[in-house]
Structure formats: structure tokens, C-alpha cells
Protein chains: 2
Amino acid sequence: MPSLPTASVAVDLVVLTIRERALHVLLVERGIEPFAGAWALPGGFVLPDEDLADAADRELAEETGMRAGIHLEQLRTYGAPGRDPRGHVVTVAWLALAPDLGEPAAGSDAAGARWWPMDAVVAGEVPLAFDHAAIVADGLERARAKLEYSSLAAAFCPPEFTVAQLRAVYEAVWGTPIDPRNFHRKVTGTPGFVEPTGGTVAEGAGRPARLFRRGPVDTLHPPLVRAES
Amino acid sequence: MPSLPTASVAVDLVVLTIRERALHVLLVERGIEPFAGAWALPGGFVLPDEDLADAADRELAEETGMRAGIHLEQLRTYGAPGRDPRGHVVTVAWLALAPDLGEPAAGSDAAGARWWPMDAVVAGEVPLAFDHAAIVADGLERARAKLEYSSLAAAFCPPEFTVAQLRAVYEAVWGTPIDPRNFHRKVTGTPGFVEPTGGTVAEGAGRPARLFRRGPVDTLHPPLVRAES
DNA sequence: GAAATAGTGTCTATTAGACAGTATTCT
DNA sequence: AGAATACTGTCTAATAGACACTATTTC
């Protein structure tokens, strides 16, 4: 038999993107207590009889104004008793990877929403509400690990992208430079990772780059391993 | 401001072990509706002001009688509106990997608890309650993937084990035979994966095997990749 | 032409996989 | 002795990483 509901269920989103060759995370400024003035992950309570994935989708659309083309996956659930001073709130965190969307949508219901450089957030330079610092750290580690063995890096890119753009994703998320020549051979030589569209694009000086779209493969065999620590 | 609690929060456990060289999952027979007579994952509701990890620990101890030496990690949270006919129940699923514990503890509060071969469960030969078939499938896939890039296989072994025992774990979870010679070289040649205890053990005919314990390394570099599909 | 970026070729040290061969036990 | 299992050595094809080189553009 079901016990009476004892906890509120919420969703929180770790939305990552690449801006100016650096990883950024979307945060909203809290206007009310608790943690008024601090920054928090976008999110909200799950509606009655709403699926968790639907709630995450809804919050993502509200904050970014976009729905299609954004990768969204469940990250982890946090439910320590003291994590929210208002009571026992269990939050299901989701990880979203998006191409550069520009400044947060005007339709956003949060007064102040902005992209923060991940470096500043992990360095503790941004005051974060609740246990959101730990959630951001978990999301970052998930993203770093997934780039190794999945083709998820393309989720940070627009539908058509160059190999250099894809390499910039790896360099921003991992924080390490990558040899452009070997990266090019690795990416184009892994069947199903990326597919040429036939088009090219010129960005400033240099030979124009070929355009690619995401291939059908999700899991990379063999993985694209980052250098050991 | 917190909305009123609208959902019950539960934990469910996917407890895996190796018995007779095959992967098994712990299931309990439901005595009451809904799904009376069907088999379900061990689990229960989270107590007021109880941490999710504490609830999982508690259920694990109740069902297996053991607490130490069992690997426990969060798997995923399930909250589709219709997944429980009694109302909106959000369940946080956990994955536990244990050495062979024998039959479920007598102190278990579930009348019928037993180890089911994973093969029979994924083949649909065991009627499962709620959405537990999907949760078991997710747990299996997580375990399979984690063996590749982590030293987690040792969680299926007692504190001291032989290389052959460790290899039996990989063969049971992946369902593929592995060359004993290359496996031995790979495992003993990866620094920090396993450490020799100095002891040996003889099992029937053949040269006695050296005993090992888990090493300090969690992540395998490079990974131990399974054959492609 | 100089500079910049895209893309290809090549060399080498390392590794995965196949499998021969040695070591040590039980029956 | 024969069978069974543990462990080590060796060969080969494939791969990662370093980096020279060619291709195509802007200034």
C-alpha cells in the first residue's frame, strides 16, 4: 500500500553550451528566499501526474525557448534531507547539451538568466544555491566522460558543422589542446560518427572546411580517450 | 515556494550477483495487489527526512542481510504517471553488485525472495511487476558498460579472488568467452587493478592460483573492451 | 607572396589478439 | 602418466601519437 506523499519532486537542469571556445552553464538568479540573490540551476516542481522527462522538457523550453536539437539525458537524483530548507525536496537532475543559443530567451520566466563560464563556477566564484554546486560538478564529469565513448560532442554543434568546430568542443570540455591532424583522421575515419553534407564553409583565412552532420552511431568503438591525468 | 507534496518517493534495488557462472538478479514475490503473485525488485518507500542513499542501504541490508562489501550506486529515477496504479510514485533505482551471498537472508521481510537467472528475466520468462523489467534492463546495461572502463568486476568477487574468478565475472556479465591467457596478462599488467595477496588456492586439478585483492584504481586506462556487436 | 586553416601521408612505439610453451597440481 | 588449470613468452596486425607535407583560401 502506498504511504502518503512525504516529499516534493522537482527537476533541475544542467544546461551546457560552448561560447567563445569555453564551456558555459546556464544559471538563473534567485529573486526570493531561500538563497535570494544566489544563482541556481533552472528547474521547478514536477506537476501532478507529469512524467519526469516531460517536466525536464518543459523547463528546458521555458528557459531556452528551444526544444528541438537539444540533447537531454537524466543525470542523477538528489534527496539529502537538508538540501532544501523548505522541506524534503527530491530533485531529479538532467543534463542538457546545446549549441550556442545566444542570450537566454526573453520569454524566460526568471528575471536574470545568463550563461556562466564553467571555469568560474567550478572555481567557486559564483555563489550557488542549495547543493547545485555538486550537481554542476556531476554534470561536468558526465559530459567529460561521455565525449570519450559517444558521439555526443556533436550535440554541442549546430546541425551542420566542421571538424574544427567539433574539435573545439572537445578542447573546451576537456580543457586540453588536441592535435588537429590526428583528430581529423580519427573523426572522419570512424564510420558513422560524422557524415559529409557536401557543402563547405570558409571562415576567414584558410582553406574552406567541409561541412558534416551527425552520423547514426552513438557509441564510439574504439573510444576517443583523453590524456591521462 | 514549495508546492505541496504530490508524489511518493521510493527506492528499488537491482541486486546482481554471479551464481554457477551465470548472472542472477534478486527478486521478491509480491503477496498483495497490485501485481500480487508477480515478481518485483526489492525496495520500499523512503522514510520522512531519510536520505535516498540511506534508504537504499537500509533496503539492501533488509533483503540481503549484508551491508559491507556490496557496491551500491544510483542507477536512474523512474516517474511515469501510470507506472504505479496506486498513484504517482517516483522511484529512485539503485544498482548493487554483490559476491555470491547464498540464498536470501532468512530475516528478509519478503516471503519469497530468490535469485533469478538474468537470462530468464530478460527473456520475459519471469512476470515482473510495474516497470521493473525496464529497470532491470537498464541495470544490466549499466553493469555491462561499467566492466569495460572500471575495476568494478571485483565487486562481484569476495575480498580475495583469483584471476579465473574475475574472468568468470566478465564472461557471465558479457555472455562471451574470453581468452584466459590474454585476460591474465591484461589484468595483472594494469597497475592498480588487482594486487597479489601472496596466498594461493587450489580448486580441484591444476596448478593453484594466486590470490588477489582489489587495487586502488577505479578507472581502467585503457579500458577492457568487449567485442563489437 | 605570406599567413592561415584544411586535409593527407608516413613513421614509430605501443597494444590487442592469437596461440605455443612452461609450471604445478590432482587422479 | 595424463589431465587440468595457472601462468609466461612470442609473433603479427592494428592503432595512437608525432609531425612532415600538400591544398586552398584571405590579406
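Every chain is numbered from 1 and lettered A, B, ... according to where its sequence line falls, protein lines coming before strand lines.
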Visitor: Could you tell me whether A:Arg185 contacts a base, only the sugar-phosphate backbone, or nothing, with contacts defined as non-hydrogen atoms closer than 4.0 Å?
Guide: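 Base contact.
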Visitor: Please work out if A:Ala209 contacts a base, only the sugar-phosphate, or nothing of the nucleic acid, heavy-atom cut-off 4.0 Å.
Guide: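 Since only primed, P, OP1 and OP2 atoms lie under 4.0 Å of A:Ala209, the category is sugar-phosphate.
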Visitor: I'd like to know whether the aromatic ring centres of B:Phe183 and B:Tyr170 sit less than 6.0 Å apart in this structure.
Guide: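 Under 6.0 Å, so yes.
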Visitor: Report the distance from atom CD of A:Glu203 to atom P of D:dC27, rounded to the nearest whole Å.
Guide: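 Rounding to the nearest Å, CD of A:Glu203 and P of D:dC27 are 13 Å apart.
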Visitor: Of the nucleotides C:dA18, D:dA18, D:dC7, which has the atom closest to the B:Asn182 side chain?
Guide: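 So the side chain of B:Asn182 is nearest to C:dA18.
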Visitor: To the nearest Å, give me how far apart CZ (A:Arg167) and P (C:dG7) are.
Guide: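 In whole Å, C:dG7 P lies 10 Å from A:Arg167 CZ.
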Visitor: Just by modelled atom types, is the A:Leu152 backbone N or O under 3.5 Å from a matching donor or acceptor in the A:Ser150 side chain?
Guide: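 Confirmed, A:Ser150 side chain pairs with A:Leu152 backbone.
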Visitor: What is the distance from CZ of B:Phe183 to P of C:dT15, rounded to the nearest Å?
Guide: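 The distance from CZ of B:Phe183 to P of C:dT15 comes to 18 Å, rounded to the nearest Å.
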Visitor: On a heavy-atom basis, which atom in A:Arg21 and which in A:Ala172 lie closest, and how many Å separate them?
Guide: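 Reported closest heavy-atom pair: O-CB, 3.5 Å.
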Visitor: What's the closest nucleotide to the B:Ala205 side chain, out of C:dG7, D:dA6, C:dC26?
Guide: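 My answer, after comparing the listed nucleotides, is C:dC26.
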Visitor: For B:Arg181, report the nucleic acid contact type (base, sugar-phosphate, nothing); a contact means any heavy atom under 4.0 Å.
Guide: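 Since a base atom lies under 4.0 Å of B:Arg181, the category is base.
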Visitor: Between B:Asp100 and B:Thr17, do the side chains contain an N or O donor and an N or O acceptor separated by less than 3.5 Å?
Guide: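 Side chains of B:Asp100 and B:Thr17: no pair found under 3.5 Å.
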Visitor: Can you check the B:Leu220 CG to C:dT15 P distance for me, whole Å?
Guide: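 So the two atoms are 14 Å apart, to the nearest Å.
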Visitor: Determine whether the aromatic ring centres of B:Tyr149 and A:Tyr149 lie less than 6.0 Å apart.
Guide: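 Centroid separation for B:Tyr149 and A:Tyr149: below 6.0 Å.
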Visitor: In whole angstroms, how far is the C1' atom of D:dT10 from the CG atom of B:Asp179?
Guide: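 Those two atoms, CG and C1', are 14 Å apart.
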Visitor: For the pair made of NE2 in A:His221 and C1' in C:dG17, what is the distance, rounded to whole Å?
Guide: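 Taking atom C1' of C:dG17 as the reference, NE2 of A:His221 is at 17 Å.
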Visitor: Mapping B:Arg207 and A:Lys186 onto DNA chain D by nearest heavy atom, which one lands closer to the 5' end?
Guide: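 Nearest-nucleotide comparison on DNA chain D picks B:Arg207.
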Visitor: May I ask you to verify if any side-chain N or O of B:His184 is less than 4.0 angstrom from the OP1 or OP2 atom of D:dA6?
Guide: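 So the side-chain polar atoms of B:His184 never come under 4.0 Å of the phosphate oxygens OP1 or OP2 of D:dA6.
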Visitor: Rounded to whole Å, please give me the gap between CD1 in A:Ile178 and C1' in C:dT5.
Guide: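 Going from A:Ile178 (CD1) to C:dT5 (C1'), I get 17 Å.
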